[in-house]
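Because only heavy atoms are used, hydrogens play no part in the values below, and waters and symmetry mates are left out as well, while side chains stay in.
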Amino acid sequence: VQLVESGGGLVQAGGSLRLSCAASGSIFRFNPMGWYRQAPGKERELVATISRGDSTNYADSVKGRFTVSRDNAKNTLYLQMNSLKPDDTALYYCAAARSYSDYEKSGEYDYWGQGTQVTVSS
């Protein structure tokens, strides 16, 4: 399965973007799926995750501003980002785990996308 992110770009502070992560195969069983980001000179960090049952988890820095969702029929993961700040500037990646039990043991995802750049100007 390949994951391809899209929807990044340049936006002014306070603006919105919607990222998409299209999978080449079914995402129905993927659990969890997530969005991560990496800013220059920083480590990759969690943005949000969503389980197969649509339970969500967010980094404190994005709570109330970002919303993660998945459309299994379209094999696509989304990240709606509102009230963007310059600190949100990063390369955003989507990730997917084939099995929650394996993910729980290893903490590792099986699939990663190549990333989409989000730049927020002040």
Side-chain angles (χ1 to χ4, degrees):
V1 173
Q2 292 185 326
L3 303 178
V4 179
E5 302 94 336
S6 62
L10 174 64
V11 64
Q12 288 188 332
S16 298
L17 285 173
R18 188 195 196 200
L19 304 184
S20 298
C21 171
S24 60
S26 174
I27 68 168
F28 177 74
R29 295 186 184 278
F30 287 171
N31 190 20
M33 297 188 73
W35 287 98
Y36 287 74
R37 67 187 182 186
Q38 187 167 19
K42 295 186 178 181
E43 293 187 354
R44 187 164 58 190
E45 63 176 3
L46 165 73
V47 176
T49 62
I50 185 167
S51 73
R52 184 177 172 183
D54 290 337
S55 294
T56 57
N57 178 52
Y58 296 92
D60 288 343
S61 60
V62 306
K63 281 181 182 176
R65 301 188 298 122
F66 291 11
T67 303
V68 61
S69 62
R70 60 194 290 172
D71 186 334
N72 292 335
K74 295 183 178 180
N75 296 323
T76 303
L77 177 72
Y78 300 101
L79 185 68
Q80 178 66 44
M81 305 187 295
N82 298 328
S83 302
L84 282 161
K85 305 175 181 179
D87 284 348
D88 295 319
T89 294
L91 189 60
Y92 283 71
Y93 299 90
C94 66
R98 286 194 300 258
S99 155
Y100 182 77
S101 58
D102 290 344
Y103 171 79
E104 191 176 35
K105 292 175 187 176
S106 68
E108 299 288 334
Y109 287 91
D110 297 291
Y111 306 109
W112 286 89
Q114 294 299 306
T116 186
Q117 179 67 39
V118 172
T119 303
V120 184
S121 63
S122 56

How close do [X] and [Y] get, counting heavy atoms only, and between which atoms?
X   : Y    : result
P32 : Y100 : CD-CD1, 4.1 Å
R52 : R29  : NH2-NH1, 4.0 Å
A13 : S122 : CB-CA, 4.4 Å

For [X], all residues meeting salt bridge (charged side-chain N to carboxylate O under 4.0 Å, His left out), sequence neighbours excluded:
X    : result
R37  : E45, D88
K63  : D60
D54  : none
D110 : R98

Partners meeting side-chain contact (heavy atoms from CB on, under 4.5 Å) with [X] (sequence neighbours left out):
X   : value
D87 : none
S69 : Y78
S51 : N31, S55
Q80 : S16, R18, T67, N82

- Check whether more than 12 heavy atoms from other residues, nucleotides or ligands sit under 6.0 Å from atom CD of Q2, and answer yes or no.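 No, CD of Q2 has 12 or fewer neighbouring heavy atoms, counting only those of other groups under 6.0 Å.
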- Message: Counting C-beta onward and ignoring hydrogens, is there a side-chain heavy-atom pair between Y36 and L91 closer than 4.5 Å?
- Response: no
- Between E5 (side chain) and Q114 (backbone), is there a donor-acceptor pair under 3.5 Å?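 Yes; at least one donor-acceptor contact below 3.5 Å.
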- Message: Tell me which pairs pass salt bridge (Lys or Arg N to Asp or Glu O under 4.0 Å) where either residue lies in residues 68-86, with sequence neighbours left out.
- Response: none
- Message: Taking side chain to side chain donor-acceptor pair (under 3.5 Å) as the definition, give me every residue that meets it alongside S101, ordered by chain and number, with sequence neighbours left out.
- Response: S99
- Shared-cluster residues of Y92, by chain and number - hydrophobic side chains joined below 4.5 Å: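 Listed partners: V1, L3, V11, L17, L19, I27, F30, M33, W35, V47, I50, Y58, V62, F66, V68, L77, L79, M81, L84, Y111, V118, V120.
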- Message: Enumerate the disulfide (SG to SG under 2.5 Å) contacts for residues 18-113, please, sequence neighbours excluded, ordered by first and then second residue.
- Response: C21-C94
- Query: Between Y109 and Y103, what is the ring plane arrangement, given parallel below 30°, perpendicular above 60°, and tilted in between?
  - Reply: tilted
- Message: Measuring from atom OG of S24 to atom CG of N75, what distance do you get when rounded to the nearest 0.5 angstrom?
- Response: 8.5 Å
